[in-house]
Number of protein chains: 2
Amino acid sequence: MATIHDVALKAGVSVTTVSRVLNNRGYISETTRGKVYGAMSELNYQPNELARSLLRKQSNLLGLIIPDVSHPFFAKLAERIEYYADQEGYKILLCNSQMNPAKERDYIDMLKRSRVDGIIMGSHTLDIGEYRNLHSRLVTFDRKIGEDIPYLSSDNYRGGKLATELLLSKGCRKIAHICGNLELDMLSQRRTDAFLDAVRKAGVEYLIVQTEMNGLDEARYRGLLQSLLEAHPDIDGIFATSDVIAAYALKECIRTGRSVPEDVRIVGYDDVSAARWATPELTTIRQPIDGFGREAVRLLRMQIEGRPVSNQNELAVELVERGTT
Amino acid sequence: MATIHDVALKAGVSVTTVSRVLNNRGYISETTRGKVYGAMSELNYQPNELARSLLRKQSNLLGLIIPDVSHPFFAKLAERIEYYADQEGYKILLCNSQMNPAKERDYIDMLKRSRVDGIIMGSHTLDIGEYRNLHSRLVTFDRKIGEDIPYLSSDNYRGGKLATELLLSKGCRKIAHICGNLELDMLSQRRTDAFLDAVRKAGVEYLIVQTEMNGLDEARYRGLLQSLLEAHPDIDGIFATSDVIAAYALKECIRTGRSVPEDVRIVGYDDVSAARWATPELTTIRQPIDGFGREAVRLLRMQIEGRPVSNQNELAVELVERGTT
DNA sequence: TTGTACGCGTTATCAG
DNA sequence: CTGATAACGCGTACAA
């Protein structure tokens, strides 16, 4: 692969001149510029970003750590993040932690060694202290890990409230809430808080089922839903914390002869496109995934440029009513 | 961020010694080794991979260009590729071409500037010639672009044959085949070839509908399915070239009062997890996505190590019969 | 308007 | 066993 020296040689100028042409710096005569461009295209020259990054102490790399990019929510999130990153000149290093703390730690180290300019943390299996000692530019999703580290989330409480109140307003009297692991101390627990506030206030029966969300093992979802509906055949409302789970819930209802929404009403979360493949289509709480992507990249860029950023970033959610309610 | 010099200074040795400890090269006294490790952990030292890569002329980066990581098939593929890449010490740079030739070209250039060790091409919007002049180590998916460039695909003809013959054996007499853009010259066209061979041999009615696959615009799928079923109300079999499309087909059938599989039988392709969210679950042709990921990384590693690789790599497919047939 | 020389953080080579 | 030095490819003072 050609270097800047080869180009300089072929163009009959110095490397400095080539560099100047490359970066549009200083004054350069048109003839020189032409010669340099000619040599560059003849040699198929591509500047070595490794060398540039080393010199500039800036790699234009962003690390993205998520549980699993094959989960529809994170797939869409990754796509949006990559889109905005590309627009702003950043490249994305993809890391799937599989919710494995050891892997997550290794990925963090790898990203530091790779001198990424920032890390987007969508996976949170480690203790807060570990993240705080990172000394890397960070943006986290749905988890608060320190006053000085920006996080991005949506209005989870409102999402939970909208979902639960919709079920209540439709007359549900025994509602199941299926959520992720509450020990992880994620902001998505506000959904559960809101659920509890709403069902208690309404005085209806309810139950809460925890699951490792993030789609690591879909077989587990099926089993979970099955035993839930068996143990509580009189459930008439389900608020799931992701559309994937809601889709399984819907399936299980239909399989067991329940009609949706007549016998059981279901609300999902995220509004990934999977919500529209189901029949009937899922009523769900739409998360602003595009906004997440845009903001994640922007928050990182601001930090990279040394500009102040707000640490609490909550975007709005929206109730999307479809066929399951 | 600490450098090797800082470590050397703190440990009271030379940078060479630190480098030796780091890479386990040559003989080093235990005391020295201890001092160096001590200094490294005190300073939280992380070797700069940029500098290493520059020197070694090897970045351990792999570029992955796909149409859109939010499409379930590519999401799973990306996850598997990242998994195996990580196992073999490679990192993944994620690129979503959005089926846009200009973007694809830009990504290719970006990857070359980043000095990736190899590129996995899952997006194919450019002419074969452009890929051939790349002079990068490549692996392509489902497209043959030259005798010396390894490609990875599954047995598309067999997949199409299995799907179509299943529909025929169930008694379908008018079968629609929904596939991607046939102009792109992808190997997945073998599915269509097989479809044609089978329906013609059986002497049943058939029609072929092309679509930009890869889920770029799901609204278009819906419209397409709608007009298809309107124009041909007597269709009793559908062979879709992806589960996403099949899921929309299923939805549209149900919406228009058809029962599946009684009135219309449907076969999808890929066997992504979405196939199991549908009700009834989709009958589909399973693609070996895990095998794709493993082989893609392996084929690239072999090339990087200068070892010979086979250029034609076809993995087996499998019919998975579920509820839609 | 153009060129020389140094440094970014590492590793390989060669000397001690 | 350990250390000095050159090189990887590039950008930028500083000089001309």
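Computed from a predicted structure; not experimentally measured.
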### Query
What's the OH-C1' distance between A:Tyr27 and D:dA16, to the nearest Å?
19 Å
### Query
Counting N and O atoms only, with roles assigned by atom type, does the side chain of A:Asn23 sit under 3.5 Å from a partner on the main chain of A:Arg25, one being a donor and the other an acceptor?
no
### Minimum side-chain heavy-atom gap B:Glu314-B:Ser154 below 4.5 Å
no
Polar atoms only, N or O, under 3.5 Å: list the protein pairs with nucleotides 4-6 of chain C and their distances.
{"unit_1": "C:dT4", "atom_1": "O4", "unit_2": "A:Thr16", "atom_2": "OG1", "d": "2.7"}

### Query
Any ion pair linking B:Arg56 and B:Glu49 (charged N to carboxylate O, less than 4.0 Å)?
yes
### Message
Just the rounded figure in Å: distance from P of D:dC10 to CZ of B:Arg113.
### Response
12 Å
### Task
Give the nucleotide from the list D:dT12, D:dC10, D:dT2 with an atom nearest to the side chain of A:Arg25.
D:dT12
### Message
Looking only at side-chain N and O atoms, does A:Asn313 offer a donor or acceptor that is under 3.5 Å from a partner on A:Ser310?
### Response
yes
### Query
Are A:Tyr151 and A:Phe141 an aromatic pair by the rule of ring centers under 6.0 Å?
no
### Nearest-angstrom distance from the residue atom NE2 of A:His5 to C1' of D:dC10
8 Å
### Salt bridge A:Glu130-A:Arg105, side-chain N to carboxylate O under 4.0 Å
yes
## Note on the structure
Here the distance between atom C1' of C:dT2 and atom NZ of A:Lys35, to the nearest Å, is 11 Å
## Note on the structure
Between A:Met1 and B:Thr32, whichever has its closest DNA chain D nucleotide further toward 5' is B:Thr32
### Query
Does a salt bridge link B:Lys103 with A:Asp86, judged by any charged N lying under 4.0 Å from a carboxylate O?
yes
### Message
Below 4.0 angstrom, which residues in residues 50-58 of chain A have at least one non-hydrogen atom near DNA chain C?
### Response
A:Leu54, A:Leu55, A:Lys57
### Query
Within this structure, what is the CD1-to-P distance between B:Ile4 and C:dG7, rounded to whole angstrom?
18 Å
### Query
Over how many whole Å does the gap from B:Glu49 atom CD to D:dC8 atom C1' extend?
15 Å
### Message
Taking any heavy-atom pair under 4.0 Å as a contact, classify A:Ser19: base, sugar-phosphate, or nothing.
### Response
base
### Query
Rounded to whole angstroms, how far apart are CZ on B:Arg33 and C1' on D:dC1?
11 Å
#### Entry: B:Arg137 versus B:Asp117, closest heavy-atom pair with distance
NE-O, 2.8 Å
### Nucleotide nearest A:Asn48 (side chain, heavy atoms from C-beta), chosen from C:dT2, C:dG9, D:dG9
D:dG9
### Query
Are side-chain N/O atoms of B:Ser123 and B:Ser97 paired as donor and acceptor at under 3.5 Å?
yes
## Note on the structure
Which of C:dT11, C:dT1, C:dT10 is nearest the side chain of B:Asn23? It is C:dT11
